[in-house]
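One-based numbering, in listed order, for ligands and for the atoms of each. The analysis underlying the following values was restricted to heavy atoms, covering all of them including side chains, and did not include hydrogens, waters or symmetry mates. For reference, positions follow the sequence shown, starting with 1.
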Amino acid sequence: MIKDYQSQKELREAYDICIIGAGPAGITLALRLAGQGRQVLLLEGGGREYSQDSQDLYQCPSTGLEVYAEETRLRYLGGTSNHWSGRCRPFEASDFNTGPPVRLPGWPIAFAEMQRHLAEAMAIVDLAPNASFKAINASLDGADFEADRFLLSPPTRFATKYARELNETEGLEVFIHCNCVDLEFDSGTGRIAAIVVSDYQQRRERVKARQFILATGAIENARQLLNSESLAAGGIVTEGGLVGKCFMEHLNVELGTFILKDGQEKNSREYFTTDAFVAQHRAGKGNVAISLVSEVKTYGRTAAIKSFFENLICDIGVEQKIEFITKFDCPGDGVIGTLIEQFPNLNSRVSLGPERDALGMRKATVHWELSPADRDTVKSIGLEMAKCFADTGLGLVKLEQCVYDETVPLKLNPHAHHMGTTRMASAPEFGVVDENCKVFGVENLHIAGSSVFATGGASNPTMPLLQLTLRLAEHINSIS
Ligand SMILES: Cc1cc2nc3c(=O)[nH]c(=O)nc-3n(C[C@H](O)[C@H](O)[C@H](O)COP(=O)(O)OP(=O)(O)OC[C@H]3O[C@@H](n4cnc5c(N)ncnc54)[C@H](O)[C@@H]3O)c2cc1C
């Protein structure tokens, strides 16, 4: 049953499980756990529709690179699934077998743990059973890039799809306009004794449960932990600890422009770095999307330029080709966008700013920062892709200067994929949650969502976070 906390103060004294946040992660968990006979409370801070009062609670300035944290999240029932695009690409075995080339470890769990839940996660986002992840184009000849494989969800809007279940599932109570504003940690028991919830007039009350799960998205999950004075007093959240650190995004770098050679099909293409490329360059992974902005022109200046290039590339070596390609100054026929892995980085973080929101919680600030290793990834992908274009006869690329010259700021946008702020690790010196998504040092607090990602790969996060959410539901069910 969905109730409105603004007018219905009908919370029970205690529940088996309290889940905070009704986006894809929270809704998935709530339905699974209530379906197993647990008394579950699902709290949503927003209403059934978008409202400015709720969205304003997401105000979050960026220092460093711009994250657009207010625009890239939605704070109402269904969460950011109310405007996600639905691109689904699973993690790969190599995401779990190889740690990042920085001083932090990779995933502490095996890839098989993700795979166990793939089929169910696919069903949740309405991908056909047994559908295989498909390429929209042929592979490039060569060892560095292969055709990318993905599927598109309709995209599933979680609040719409699961409206009936949220209303009718026995054992499940959903309260909208019910904002979690504090987590009360009891150092004596090592447990969260209660959380504090508030309506929009700051009328507050405590809610008790045996298990609590934060599912408020990667920025808010960290913010909730950082805001709790009792977690700080209990030594769970410390300045030297990892809460909020390693904020990661997928890098949307404009690599440059291109002209396709005559005879090449004039359609969009998507490529993905091979494991061999990643190992050879000690680079992150990356999707490279080739989009035509207009039909390739076969006349005038562009035609002359193309024939010039065609003749030239037979005569000069690779290094010269790349140098020539990167310096060449002509309008392109299409643009090359990317979705590139960022490595975990302690300086890239969510922290608390001095201001408070309308409910009295300190606002978060995101400082998004890239490391030299990330610049190297962008450069390797850019240069190798330009080389592949030329070598395979696909076309010719003019790279943006920022791709190969680190002194020039990158032309970069975020992808709205927030990750890593409560990373999973085998020990507290490397992360915030353990292999079961339980917060280190707190017996009954777990975290769902992409904040637990140890590394982000170059796969869209929602389907993988659902795989982990299903695994978490299994774990909570086994301990409660
Ligand atoms: C424009 C856009 C396009 C995207 N496209 C893709 C894509 O193609 N593929 C992909 O994989 N991902 C995509 N994403 C990312 C995707 O939307 C997120 O990965 C996903 O929504 C995360 O789910 P979540 O449940 O962890 O968090 P959210 O969806 O953010 O849900 C969190 C919920 O918690 C609630 N909440 C927050 N604070 C509180 C509080 N204090 N008390 C109570 N409730 C609270 C919020 O209201 C919200 O309902 C896209 C994102 C955007 C913005």
Side-chain angles (χ1 to χ4, degrees), residues 5 18-30 41-51 54-55 57-58 60 67-91 121 124-125 150-159 174-183 195-199 207 213-225 227-228 249-250 252 287 339 357 359-361 364 413-419 421-422 447-453 456-469 472:
Y5 186 65
C18 170
I19 300 162
I20 304 151
I27 289 177
T28 301
L29 264 176
L41 169 65
L42 175 62
L43 299 179
E44 169 52 47
R48 288 176 194 271
E49 300 292 339
Y50 180 92
S51 80
S54 177
Q55 194 67 20
L57 299 172
Y58 265 172
C60 174
V67 173
Y68 303 103
E70 284 160 60
E71 294 81 3
T72 53
R73 303 179 290 163
L74 286 175
R75 198 177 186 283
Y76 66 101
L77 195 66
T80 312
S81 80
N82 287 299
H83 72 176
W84 79 309
S85 314
R87 190 178 191 275
C88 297
R89 183 187 198 283
F91 275 139
I124 291 171
V125 291
F150 59 93
L151 286 170
L152 293 176
S153 160
T156 305
R157 308 280 177 227
F158 279 68
V174 184
F175 280 85
I176 56 172
H177 295 132
C178 192
N179 302 283
C180 175
V181 292
D182 196 12
L183 311 171
I195 63 163
V196 179
V197 298
S198 173
D199 69 7
V207 183
I213 302 161
L214 275 176
T216 54
I219 295 176
E220 298 303 303
N221 283 347
R223 181 183 175 209
Q224 287 286 339
L225 297 178
N227 254 283
S228 164
E249 252 284 5
H250 286 132
N252 185 1
N287 158 286
L339 187 157
D357 68 18
L359 301 182
M361 277 182 82
N413 274 303
H415 266 284
H417 298 166
H418 308 148
M419 301 170 284
T421 53
T422 65
I447 297 191
S450 49
S451 64
V452 306
F453 286 11
S459 300
N460 308 68
T462 307
M463 192 181 65
L465 79 80
L466 290 173
Q467 291 166 261
L468 285 171
T469 299
L472 175 59

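Nearest heavy atoms, Y76 versus R48: CD1-O, 3.6 Å. Taking every heavy atom of both residues into account, L339 and S459 meet most closely at CD2-N, 4.5 Å. M419 approaches E249 most closely through the heavy-atom pair CE-C, 3.8 Å. Across every non-hydrogen atom of T80 and L74, the tightest pair is OG1-N, 3.3 Å. Nearest approach of M463 to C88, heavy atoms of both residues: SD-CB, 4.0 Å. The two atoms that bring A121 and Q467 nearest to each other are CB-CG, 3.6 Å, heavy atoms only.
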N/O donor to acceptor pairs below 3.5 angstrom from side-chain atoms of residues 214-222, sequence neighbours left out:
from, atom 1, to, atom 2, distance (Å)
T216, OG1, N221, N, 3.2
T216, OG1, N221, OD1, 2.6
E220, OE1, R223, NH1, 2.9
E220, OE2, R73, NH1, 2.7
N221, OD1, T216, N, 2.8
N221, ND2, G217, O, 3.4
N221, ND2, A448, O, 3.2
N221, ND2, S451, OG, 3.1

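If you run side-chain contact (heavy atoms from CB on, under 4.5 Å) between Y5 and each of V197, I176, L43, only V197 comes through. Of the listed residues (I20, I447, L472), just one forms a side-chain contact (heavy atoms from CB on, under 4.5 Å) with I213, and that residue is L472.
Each of the atoms 53 (C) of ligand 1 lies under 4.0 Å from some heavy atom of T72. Against a heavy-atom cut-off of under 4.0 Å, A416 is close to the following atoms of ligand 1: 15 (C), 51 (C), 52 (C), 53 (C). Contact atoms of ligand 1 toward A22: 33 (C), 34 (O), 49 (O) (distance under 4.0 Å to a heavy atom of the residue). Residue R87 has at least one heavy-atom neighbour below 4.0 Å for each of these atoms of ligand 1: 7 (C), 8 (O), 9 (N), 10 (C), 11 (O). Taking a cut-off of under 4.0 Å to the non-hydrogen atoms of S81, the atoms of ligand 1 that pass are 21 (O). Each of the atoms 42 (N) of ligand 1 lies under 4.0 Å from some heavy atom of N179. In summary, the atoms of ligand 1 found under 4.0 Å from a heavy atom of T216, numbered by their order in the structure, are 32 (C), 34 (O), 36 (N), 37 (C), 38 (N), 39 (C), 45 (C). Heavy-atom proximity to A215, at under 4.0 Å, picks out these atoms of ligand 1: 32 (C), 33 (C), 34 (O).
Checking side-chain atoms of N252 against main-chain N and O of H415 turns up no donor-acceptor pair under 3.5 Å. The closest donor-acceptor contact from the side chain of H250 to the backbone of G457 lies under 3.5 Å. No side-chain donor-acceptor contact under 3.5 Å links N287 to the backbone of A458. For S450 (side chain) and F453 (main-chain N/O), no donor-acceptor pair under 3.5 Å exists by modelled atom type. Between the side chain of S81 and the main chain of P24, no donor-acceptor pair closer than 3.5 Å is present.
Every residue meeting the side chain to side chain donor-acceptor pair (under 3.5 Å) condition with Y50, not counting sequence neighbours, appears here in chain and number order: Q52.
Nearest protein heavy-atom neighbour of atom 44 (N) of ligand 1: G45 N, 3.0 Å. Distance from atom 31 (O) of ligand 1 to its nearest protein heavy atom, with residue and atom name: G23 CA, 3.4 Å. Protein heavy atom nearest atom 24 (P) of ligand 1, with residue, atom name and distance: P24 CD, 3.9 Å. Protein heavy atom nearest atom 42 (N) of ligand 1, with residue, atom name and distance: C180 N, 3.1 Å. What sits closest to atom 22 (C) of ligand 1 on the protein, heavy atoms only, is L465 CD2, 3.8 Å. G217 CA, 3.8 Å is the protein heavy atom nearest to atom 27 (O) of ligand 1. When hydrogens are left out, the protein atom nearest atom 18 (C) of ligand 1 is T462 OG1, 3.4 Å; that is the closest non-hydrogen contact. For atom 1 (C) of ligand 1, the closest non-hydrogen atom on the protein side is H83 O, 3.5 Å.
Polar contact with ligand 1: present for Q224 (N/O pair, distance under 3.5 Å). Not a single N or O atom of M463, backbone or side chain, sits closer than 3.5 Å to an N or O atom of ligand 1. Considering both main-chain and side-chain atoms, E44 comes within under 3.5 Å of ligand 1 through a nitrogen or oxygen pair. Checked against a 3.5 angstrom limit, the closest N/O atoms of A448 and ligand 1 fall outside it. Considering backbone and side-chain atoms together, H415 places no N or O closer than 3.5 Å to any N or O of ligand 1. In terms of polar-atom proximity, defined here as any N/O pair under 3.5 Å, E71 makes no such contact with ligand 1. Considering backbone and side-chain N/O atoms, G449 never comes within less than 3.5 Å of an N/O atom of ligand 1. Where the criterion is an N or O separation shorter than 3.5 Å, residue side chain and backbone included, G78 fails it with respect to ligand 1.
More than 12 heavy atoms of other residues, nucleotides or ligands sit less than 6.0 Å from atom CD of E70.
Contact annotation: S54 has no heavy atom less than 4.0 Å from any atom of ligand 1. Heavy-atom separations between S450 and ligand 1 are all 4.0 Å or longer. Not close to ligand 1: R73, with no non-hydrogen atom less than 4.0 angstrom away.
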Practice task
Starting from the C-alpha separation in whole Å, work towards a yes-or-no answer on side chain to side chain contact (heavy atoms under 4.5 Å, CB included) for V125 and W84.
Solution key: CA-CA 11 Å; V125 291; W84 79 309; 3.8 Å; yes

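Residue-level proximity to ligand 1 for H417 is carried by the side chain, the only part with a heavy atom below 4.0 angstrom.
Within the set W84, Y58, Y76, the minimum heavy-atom distance to atom 50 (C) of ligand 1 is found for W84. Of the listed residues (N460, N221, T80), the one carrying the non-hydrogen atom nearest atom 17 (O) of ligand 1 is T80.
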